[in-house]
Amino acid sequence: MYNKLRYEIVPPLFLGFFTSSVQLFALFGSGEQISLTKVISNSLGNSFSWSLVAVFSTWAVIWLKIPSSQTSGPKTYYDYTPTYQNNGLLYYFSSLCAFILSILVWKDLHLSIYRNTPQILGTLNIIALFLCLLLYVKGKFYPDVAEEQHFPQLYLYYRGIDLHPKIWGIDIKQLTNCRIGLMGWQLLILSYFLAGVDLNGFSLAAFTNCFLQSMYLCLFYEWEGVYFHTLDITLDRAGYYLCWGCLVWVPCFYTYSSYYMVHHAPVLSSSTSAAILCIGVLCIVIKCRVDCEKMWFRESKNDKQFVLWGSPVKYITAKYKSSTGKERTSRLLLSGTWGVSRHLNYTFELLSALFWSLPALGTGITPFFYFIFLFILLIHRIYRDEEKCSKQYGEFWKEYCSKVRYRLVPYIY
Ligand SMILES: NC(=O)C1=CN([C@@H]2O[C@H](COP(=O)(O)OP(=O)(O)OC[C@H]3O[C@@H](n4cnc5c(N)ncnc54)[C@H](OP(=O)(O)O)[C@@H]3O)[C@@H](O)[C@H]2O)C=CC1
Ligand SMILES: CC(C)CCC[C@@H](C)[C@H]1CC[C@H]2C3=CC=C4C[C@@H](O)CC[C@]4(C)[C@H]3CC[C@]12C
């Protein structure tokens with residue numbers, strides 16, 4: 001029954017639900033009346049949306065093609081070491097500068113982006129669905145590694161087939177996730193903030209919402225190299241879930257509180273907004289600190305001298321066999337934030353999302369949709385991640401779980 005649900009029922013349901021919901025969210029968020037004619041015509045995009053997406057995608061591709069230092073991800077089970085362009089932070093700031101310059105030249109660019117959001121999402125949707133089809137065909141006929149794929153075809157389209165597909169020498173996951181999805185998120189929220197200033201005047205609440213997300217995204221680019229070691233890159237294949245998700249779902253849903261606040265002007269006082277801004281910054285800093293503690297520890301050569309919170313770190317040395325049968329060793333950190341709970345980064349990820357949505361308090365539940373979605377996504381991810389670690393580390397993982405008993409919040413969960 002579980003397999004039927006996972007392989008046959010969920011993929012078509014998710015494909016239908018998520019793909020069609022994008023247009024409904026876009027119309028609802030801007031207060032427009034929802035009608036079938038509007039949904040269909042917006043889904044096709046317009047000349048503005050196609051030009052904008054073309055320019056932005058070309059820009060993202062150029063940044064993956066120009067000479068730059070490279071960084072590697074972990075070796076795959078079929079002994080391939082993927083390499084990535086290591087110019088994330090430069091790409092982030094250059095894109096921001098180019099965008100601000102464009103607004104100085106085309107004074108209403110941000111307003112046009114806001115007003116054409118349904119069409120932009122329609123365009124991205126068509127491109128993403130087509131790209132996933134291309135990835136599916138490539139995986140079926142020219143797979144990176146020959147594997148038995150006894151799964152329903154729609155499941156393969158949804159999950160993807162290849163782990164690290166490249167088209168024209170470009171790593172598709174770096175392009176869709178890091179370069180189009182996340183930078184799209186940044187430029188959209190900035191456009192929504194500026195559109196809000198034009199339409200409703202400056203508000204500290206809207207600024208808080210935009211600033212916290214921008215800080216989060218800037219830190220992502222600072223940390224981009226570490227992202228290539230996460231589940232998305234090492235476990236999830238390039239298909240609808242990841243590629244459509246980053247090309248369409250991130251621009252639509254991750255930005256939703258900012259989009260919503262343009263038509264539904266914030267009602268929060270400046271003093272409350274300032275308090276939210278300070279606590280939000282703290283949550284983002286702590287989330288990054290958790291990610292960094294693991295990164296520093298894993299990078300440290302001499303672990304006896306590696307100190308966290310004033311004392312030398314404690315850890316478990318976990319031996320395991322890779323899928324090719326090679327003996328490998330890894331270390332599970334027991335000190336610092338990784339000794340508090342097993343996924344403290346998720347706790348602060350959720351709190352960060354809550355704090356950048358809070359400026360919209362008083363305008364209904366809608367701006368909190370992303371927070372609710374993230375909560376479900378991260379709980380599901382905890383189980384996926386722990387299943388992976390348990391398979392990989394066996395008894396060592398059990399020992400880690402017995403020493404660090406809680407997943408998100410100590411003594412609660
Ligand atoms: N906004 C969003 O939609 C989402 C954001 N995120 C964010 O992305 C970032 C990365 O998340 P994600 O990759 O899911 O998870 P983590 O960064 O928590 O990485 C989990 C992996 O870390 C290793 N690990 C687990 N415990 C320890 C330990 N005690 N010591 C050392 N290594 C350990 C294991 O991998 P191994 O041992 O094999 O290296 C495990 O699979 C986080 O900041 C998260 O908040 C994540 C999901 C969604
Ligand atoms: C059903 C689908 C439509 C759901 C799609 C989900 C994906 C879009 C997201 C799944 C995991 C997400 C991410 C993981 C980790 C990240 C690191 C963080 O610092 C920035 C955000 C992100 C890249 C994030 C982006 C969306 C997902 C890939």
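Both counts, for ligands and for their atoms, begin at 1 and track the order of listing.
Residue contact annotation: E349 has no non-hydrogen atom under 4.0 Å from ligand 2. The closest approach between a heavy atom of N177 and any atom of ligand 2 is not below 4.0 Å. Residue contact annotation: Y216 has a non-hydrogen atom under 4.0 Å from ligand 2.
Numbered from 1 in the order shown, with element, the atoms of ligand 1 that lie under 4.0 Å from a heavy atom of K388 read 35 (O), 36 (P), 38 (O), 40 (C), 41 (O). Which parts of ligand 1 touch C389 is read off a 4.0 Å heavy-atom cut-off, strictly below it: atoms 34 (C), 40 (C), 41 (O).
Some N or O of Y400 is nearer than 3.5 Å to an N or O of ligand 1, by distance alone. Taking any N or O of K287, backbone or side chain, at least one lies under 3.5 Å from an N or O belonging to ligand 1. Considering backbone and side-chain N/O of K294, one or more are found under 3.5 Å from N/O of ligand 1.
Of the listed residues (Y136, Y158, Y7), just one forms a ring pair (Phe, Tyr, Trp, His ring centres under 6.0 Å) with F151, and that residue is Y7.
Of the options N345, V404, I382, the smallest heavy-atom separation from atom 16 (P) of ligand 1 is shown by N345.
A salt bridge links K38 and E32; the closest N-O separation between the charged side-chain nitrogens and carboxylate oxygens is under 4.0 Å. Note on D144 versus K138: salt bridge recorded, some NZ/NE/NH1/NH2 to OD/OE distance being below 4.0 Å. Comment: K398 engages E395 in a salt bridge, judged by a side-chain N to carboxylate O separation of less than 4.0 angstrom. In summary, R381 and D232 engage in a salt bridge, as defined by a charged side-chain N under 4.0 Å from a carboxylate O.
When non-hydrogen atoms are compared, ligand 2 lies under 4.0 Å from the backbone of Y241 as well as from its side chain. Proximity of D232 to ligand 2, defined as any heavy-atom pair under 4.0 Å, is confined to the side chain (atoms from C-beta onward).
Side chains of E349 and Y216: a donor on one and an acceptor on the other come within 3.5 Å.
For atom 24 (C) of ligand 2, the nearest protein heavy atom lies 4.0 Å or farther away.
Nearest non-hydrogen protein atom to atom 1 (C) of ligand 2 is F18 CE1, 3.7 Å.
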